[in-house]
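Just so it is clear, the model here is predicted, and its values are computed rather than measured.
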Amino acid sequence: MVSCNLGQSTRSIYLALACLSLALHLVIAFFCLSVLQNACVPPASSSSSPCVPRADAERRQSVSHSSSSPAASSSNKPPASPRNEERRGRPANTLHHKERGSFSEVTQKAKRPAEAQRVKGHSRLEALFKHPLYNLPRPEPQEDDWLLRVKKDEETRDEGSEEEEEERGQDHDASNSYDKVSWTSDVETHPPWLRFHLGISRWELYDRKDPNLYQYIFNALSVSTSFSVQKTGGTQLKLLMSFPNYGQALLKPMKQSRDAETDVNLFYFSDFERHNAEISAFHLDRLLGFNRIPPTVGRLINVTTEIREITTDDRLSRTFFTSPAGNVCFYGQCEYYCSTEHPVCGRPHMLEVSLATMLPDLSLAPRRSWRSPWRRSYSRTKRTQWEKDPAYCDTVKQTPPYSHGTRLVDLIDMAVLDFLMSNMDRHHYETFEKFGNETFLLHLDNGRAFGRHSQDEPSILMPLKQCCRSFKVQYLDTLSLYCRIRRSTLLRLQLLSLPDFRLSDVMRESLAQDPLADVAPLLSEPHLSALDRRLKKVLKVIATCQDSHADVIYNDLVGNYED
């Protein structure tokens, strides 16, 4: 009897222990499940940000995917999308470790706002752009003062949507390469390049205070390219890059180091074009207050995944090869320097380039090309008329379009810019046809600038020097008779010669915002010093002209600015 009771109590104890064990296992299981649900997801970028819970990461990915259209800023996109990597047949992690790191650093800098990139402390660049000379009021723009405009809803409905769908569907692979278009008349839905196009006015290419300017630059850096082809025309190699948001940029590759100075025995038309010259010219043009060079930015690209594997240009693809050093190279087809003796090479895949924003298509905004009156002969022996005739400007003043309007002082603005950066290759310039003669000149193609810092070329200032002469013809207007330079231009040059706004200092600070400045300064110190030296020479030429003639300044600041 006692034996039976003992066995029954033992079974009860075993049963209780089993239930307790089961309960403990269930508690542990629930605890582990909660930990797994909150596991960290590694960030997509290389930044050292803290871990993000999986649920939050999935929600952010969903929001990012829903806003991946051109309406959203592309600065949050990774350097290469998985879709493009899959189409190329090359995984993203096949790049050299050091290459991936340098590209990631440059891309991350592009995503940071400009305020975070400036040197801590007093910013001369900010102080410069807050000066009244850089915030002059403009007349209220009328509809005809804008190069392009957004069509009204009724105009869009009249044209119908079927044609738009047909145009978008012309390329069968577009759905695999481009973001879905969801633009409306609301400016917030426009991709940055479209905002840039719609911001072009009669007076300037862009508004310096427009945040879209840097938004475009950062966007161009962080978005992977969809297509790349060689651009026709010109004497040296350049490519046309297309992005998923339908934006385009003109690419010029690095062909020589930043510190390589042009050989003194080379003619100006025999020199290589420089990618850092295109970038620096944009910054200098902006510092002078001209705003006539399209936004240009530096970038590191992978010549294999972003050119060779995605190009549709057979002529370009046939010129790729691997050098004995193991670098991927190409040379394209052009008039000069496109051969195996002058290749463009990555190290082994990564290459520095400049990307200049493309202007609106000529079908939408036709441009007219003008031959510069002070164009050089591009000959080793011949001399042009302006090189032989000191009174050549008198002839120019009697010739349309220089006989009226502001075209002559526009040309002198361009001569000042070219002298400061030592650009002798200004044979033509362009204007938008819509604005006729009442508009600015486009300062395009600056690749041969900043070639020689140890020498100045005084002949570049010949328009300013030769036009400083007494000349009166009754039928010419007052502006063409006397004026040699804009008052606003002269005052800005004088401002940039002051210690607080020294041109070399603000130029150094401005160039530091470019992503390639992380690799090396865009301009060496001798080039920056040359800017100050040349600025003094420009001011001396103007002062000499003022000493000889009273009315040499075109006062474009009437009612806007007082000394």
Distance-minimising heavy-atom pair for Glu140 and Gln142: O-NE2, 3.2 Å
Non-neighbouring partners of Asn423 that pass side-chain hydrogen bond (donor to acceptor under 3.5 Å, both in side chains), sequence neighbours left out: Asp418
Side-chain donor/acceptor of Thr439 to backbone N/O of Arg202, under 3.5 Å: yes
Ser228 versus Glu306, side-chain donor and acceptor atoms under 3.5 Å: no
Donor-acceptor under 3.5 Å (Glu273 side chain, Gln236 main chain): no
Asn446 side chain vs Ala449 backbone, donor-acceptor pair below 3.5 Å: no
Parallel, tilted or perpendicular: rings of Phe290 and His443 (30°, 60°): perpendicular
Side chains of Asp361 and Ser363, donor plus acceptor under 3.5 Å: yes
Basic-acidic side-chain contact under 4.0 Å: Arg486, Asp410: yes
Side-chain donor/acceptor of Ser510 to backbone N/O of Met507, under 3.5 Å: no
Donor on one side chain, acceptor on other, Asn437 and Arg407, under 3.5 Å: yes
Carboxylate-amine/guanidinium proximity below 4.0 Å for Glu143 and Arg149: yes
Short N-O contact, Arg195 and Asp210, less than 4.0 angstrom: no
Polar side-chain atom of Asp285 near backbone of Leu417 as donor-acceptor pair, under 3.5 Å: no
N-O pairing of Lys209 and Asp207 below 4.0 Å: no
